[in-house]
Amino acid sequence: MANRVPRETNIMTDFDIIVVGGGHAGIEAASAAARMGCRVALITMNLNKIGLMSCNPAIGGLAKGQLVKEIDALGGEMGKIIDESGIHFKMLNKSKGPAVWSPRAQADRQLYAVVAKNRLENISNLALIRGSVNGIIVNSKKVSGVTLEDSGPIYSKSVILTTGTFLNGLIHIGLKSIKSGRAGDKTATGITESLVDQGFKAGRLKTGTPPRLDKNTIDFAVLEEQLPDNPPTPFSFSTESIENKPIPCYIGHTNNKTHEILQEGFQQSPMFTGRIKSIGPRYCPSIEDKINRFSDRERHQLFLEPEGYENREIYLNGFSTSLPEDIQVRAIKTIPGLAKAEIVRLGYAVEYDFFPPYQLFYSLETKKIIGLFFAGQINGTSGYEEAAAQGLISGINAAAKINKLKGFRLKRSEAYIGVLIDDLINKSTLEPYRMFTSRAEFRLFLRQDNADIRLFEHAKKYGLLLKEDIRRVNEKKQAVNSLNKHVKVNNISARKFNEIYDEISSKIEQPQRLDAIIKRPEVNLAELLKVTQNDDYPLDAIKEVEYNIKYEGYLKRNLELINKFKENENRIISKHINYKAINALSLEARDKLNQIQPESLGQASRISGVSPADISVLMIYLEREKYNSNVPRET
């Protein structure tokens, strides 16, 4: 029943933390808590599907790549797993500034799951248990374990729910509906009902997946080939190089004939007939939604992405659908290169329960039940990366609570993970939340390549890093400090500079200090160091120093905004304010403030429905309360 249970552990009664679900959130939650010394049980329906990529076999992407790098900087697993199982690595947004560069990689889907399970099996204090959880055990508003469908209760001090799309999951293909969390797996029942009985508010969301095609039936010659980066950039800071053989992806397009056939299926579409009542992801719409909303578009781009070296399936990215089988088959055959394509697995939509995240603290612990944490799609997010980030934070905080440590929170100014959780709690999205670089107002500081330095002190404080990781980051920090000093006191001669940049930069007449000359956009610090025989600095340190100098003006302005942000974050709000009694606030603001109970004025200002005018009222109220509290009372 269990795998690698520590010898001293009683499987049924003696866990510190139970993690429910073996997806990306569950992996990070369980591994982080175990690394912090807690006895952890990860319970999942199928041990061989831990880390299974239910949808796109890819990790990273715009802003999502930054999340993965931050997870890795905090000792997480996702970056290491994709580096070992990746087959196509690409750095996105290279035509723009480094602040928005984002790594992405296709994975060998089967290998990713194997690597994920192997990594968990080799973590001390972590037991993997096969089972289906159907309820939460609560005593006096404090969680004390879970109940299994077949074998009764398992007790713990804390529970982390990472249930993905399994809570009362319902799959739709045309007018056919199947109770399932994903194709081939049964749904999870009982948990939602157990939580609603405890006073939680629940809702329904939708996501979808495209059909998978047999690669042996595709004519790749008529498709546009997409080659990976050479050399590839690893996700994990601890990975020295990627050794896996790279393979290409391909680009195709729909056409008017494709759209005509898809429209024939609208009368049998669960989305258009009202069978699906929940809201799907705005930024990843189904193909039928695309052609309905953008009827003037003659074609839509598709990405054909291999699911592995030995796997014959091709993921048809951009063609997510819940239309009937015959429509999917006919429509796909109209796409150039896919005339003979055979569908291995049909596309489908899945509806599932979630819990609006205003019901959480920043630690991701629930407000209603002590010791109960939510992470991943149960909080209304979409994507492996968003789920993994939440799993990591919930695991750290569950372990910190047991170890009597201060809770862990990342601010918006510190990390994309901070932006993610802040948005979830304060905006309480009504549709699946997806991370974008545009959501991070301080993204100039939150680059994917400096996450290790940014988050190092947090990771070290909570014991999340190996000794080798600590040594590596310290060496990088020392190299950055040394190089910063070097460029401020060393020059390059006019002769040497003019020889290198004769054709692309204006000449100089006198020696120039290195930190001054590299402000020119066409000048590269690594090249200058080679010319001046000081090229023994590591490349990651060179990039860090160069970026900070080239973008110095922008960074200074961003830093001013961060300092102002911190001022508002430090203006703490009492937990005992009755917002409904502040009549000058709008009705919506009173309801939202009372519901979320913000910790600071900064948080209050980011709550959806709270206007600048409401913040002004709140500031006056807080100042008045502060004044009144300082006035001596009559005796």
Side-chain angles (χ1 to χ4, degrees), residues 24 49 51-62 64-65 68-69 72 77-95 101-119 209-236 239-254 284 300-320 332 335-345 347 383-385 448:
H24 305 281
K49 291 188 176 180
L52 184 69
M53 305 176 105
S54 304
C55 196
N56 193 353
I59 295 295
L62 301 179
K64 292 170 177 282
V68 182
K69 299 286 272 191
D72 185 74
E77 303 292 338
M78 181 171 269
K80 300 173 182 68
I81 298 170
I82 187 60
D83 283 351
E84 194 171 337
S85 61
I87 58 179
H88 181 110
F89 290 79
K90 200 92 172 173
M91 185 65 73
L92 307 181
N93 260 357
K94 285 294 289 284
S95 62
W101 291 6
S102 302
R104 184 181 188 273
Q106 290 295 125
D108 183 308
R109 184 170 178 262
Q110 294 167 343
L111 180 58
Y112 188 97
V114 169
V115 173
K117 185 185 177 192
N118 286 344
R119 291 191 65 84
T209 193
R212 273 62 158 188
L213 310 179
D214 185 340
K215 69 179 179 183
N216 296 324
T217 63
I218 296 173
D219 182 4
F220 290 103
V222 301
L223 298 169
E224 179 186 340
E225 187 179 48
Q226 260 201 328
L227 296 174
D229 289 346
N230 186 21
T233 301
F235 273 88
S236 176
T239 302
E240 293 185 4
S241 62
I242 303 296
E243 303 300 331
N244 292 346
K245 177 186 175 183
I247 59 178
C249 296
Y250 296 87
I251 294 177
H253 296 88
T254 62
C284 189
H300 293 281
Q301 191 174 59
L302 306 172
F303 296 90
L304 285 80
E305 300 169 336
E307 297 216 346
Y309 293 115
E310 305 299 328
N311 194 329
R312 64 181 177 134
E313 295 183 17
I314 296 290
Y315 182 91
L316 191 58
N317 196 343
F319 204 91
S320 177
I332 283 172
I335 297 168
L338 306 184
K340 297 180 180 179
E342 295 180 6
I343 295 179
V344 178
R345 286 193 289 157
Y384 307 144
E385 302 81 6
Q448 52 85 27

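As the structure is a prediction and not an experimental result, all values here were calculated from the model.
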>> I need the Arg345 CZ to Asp214 CG distance, nearest 0.5 Å.
In response: 12.5 Å
>> Taking Leu111's backbone N and O only, do any of them form a donor-acceptor pair with Tyr309's side chain (distance below 3.5 Å, no angle check)?
In response: no
> Name the one of Asp83, Ile82, Thr233 that satisfies side chain to side chain contact (heavy atoms under 4.5 Å, CB included) with Ile242?
Replying inline: Asp83
>> Return the CD1 to SG distance between Ile314 and Cys249, rounded to the nearest 0.5 Å.
In response: 8.0 Å
> Under the side chain to side chain contact (heavy atoms under 4.5 Å, CB included) test, which residues partner Asp72, sequence neighbours left out?
Replying inline: Lys80, Ser236, Phe237
> Residues in side chain to side chain donor-acceptor pair (under 3.5 Å) with Ser320, at least two apart?
Replying inline: none
> Can you check whether Pro103 reaches Leu92 side chain to side chain, under 4.5 Å on heavy atoms?
Replying inline: no
> Got a second to check how far Ile59's CD1 is from Met78's CE, nearest 0.5 Å?
Replying inline: 4.0 Å
> Is a donor on one side and an acceptor on the other found under 3.5 Å between the side chain of Lys340 and the backbone of Ile218?
Replying inline: no
> Can you tell me if Arg109 uses its side chain to pair, donor with acceptor, with the backbone of Met53 under 3.5 Å?
Replying inline: yes
> Excluding sequence neighbours, so at least two apart, what forms side chain to side chain contact (heavy atoms under 4.5 Å, CB included) with Pro228?
Replying inline: His88, Pro246
> Between Gly61 and Ser102, which heavy-atom pair has the shortest distance, and what is it?
Replying inline: O-CB, 3.1 Å
>> Quick one, Asn244 and Phe89 - any side-chain contact, counting heavy atoms below 4.5 Å?
In response: no
> Who are the side chain to side chain contact (heavy atoms under 4.5 Å, CB included) partners of Asn311, not counting sequence neighbours?
Replying inline: Gln110, Glu307, Glu313
> Would you find a donor on one side and an acceptor on the other, under 3.5 Å apart, between the side chain of Glu385 and the backbone of Val68?
Replying inline: no
> Any idea which heavy atoms bring Gln106 and Ala58 closest together, and the distance?
Replying inline: OE1-CB, 3.4 Å
> Minimum heavy-atom separation for Tyr315 to Pro210, with atom names?
Replying inline: OH-CD, 3.3 Å
>> Can you list everything that forms a salt bridge (Lys or Arg N to Asp or Glu O under 4.0 Å) with Lys215? Sequence neighbours excluded, please.
In response: none
>> Can you give me the closest heavy-atom contact between Gly337 and Val222, atom names plus distance?
In response: CA-CG2, 3.2 Å
> Listed by chain and number, what are the ring-ring contact (aromatic ring centres under 6.0 Å, His included) partners of Tyr112, not counting sequence neighbours?
Replying inline: His24
>> A side-chain contact here means heavy atoms from C-beta on lying under 4.5 Å apart; do Leu304 and Leu316 qualify?
In response: yes
> What is the minimum heavy-atom distance between Pro248 and Leu227, and which atoms define it?
Replying inline: CB-CD2, 4.1 Å
>> Any side-chain to backbone donor/acceptor pair from Tyr384 onto Asn56? Under 3.5 Å, distance only.
In response: yes
> Is the backbone N or O of Glu342 less than 3.5 Å from a side-chain atom of Thr217, with the two atoms forming a donor-acceptor pair by type?
Replying inline: yes
> Any side-chain hydrogen bond (donor to acceptor under 3.5 Å, both in side chains) pairs touching residues 218-230, not counting sequence neighbours?
Replying inline: none
> Ser241: what forms a side chain to side chain donor-acceptor pair (under 3.5 Å) with it, not counting sequence neighbours?
Replying inline: Glu243
> For Thr209, which residues count as a side chain to side chain donor-acceptor pair (under 3.5 Å) partner, sequence neighbours excluded?
Replying inline: Arg212
>> Going by side chain to side chain contact (heavy atoms under 4.5 Å, CB included), name the residues that satisfy it together with Ile343, two or more places apart in sequence or in a different chain.
In response: Pro211, Leu213, Gln328, Val329, Ile332, Leu346
>> So, using salt bridge (Lys or Arg N to Asp or Glu O under 4.0 Å) as the criterion, who are the partners of Glu305 when residues are at least two apart?
In response: Arg104
> Which atoms form the tightest heavy-atom contact between Ile247 and Pro306, and what is the distance?
Replying inline: CD1-CB, 3.9 Å
>> Test of understanding: with ring-ring contact (aromatic ring centres under 6.0 Å, His included), list the residues that count as partners of Phe220, not counting sequence neighbours.
In response: Tyr250
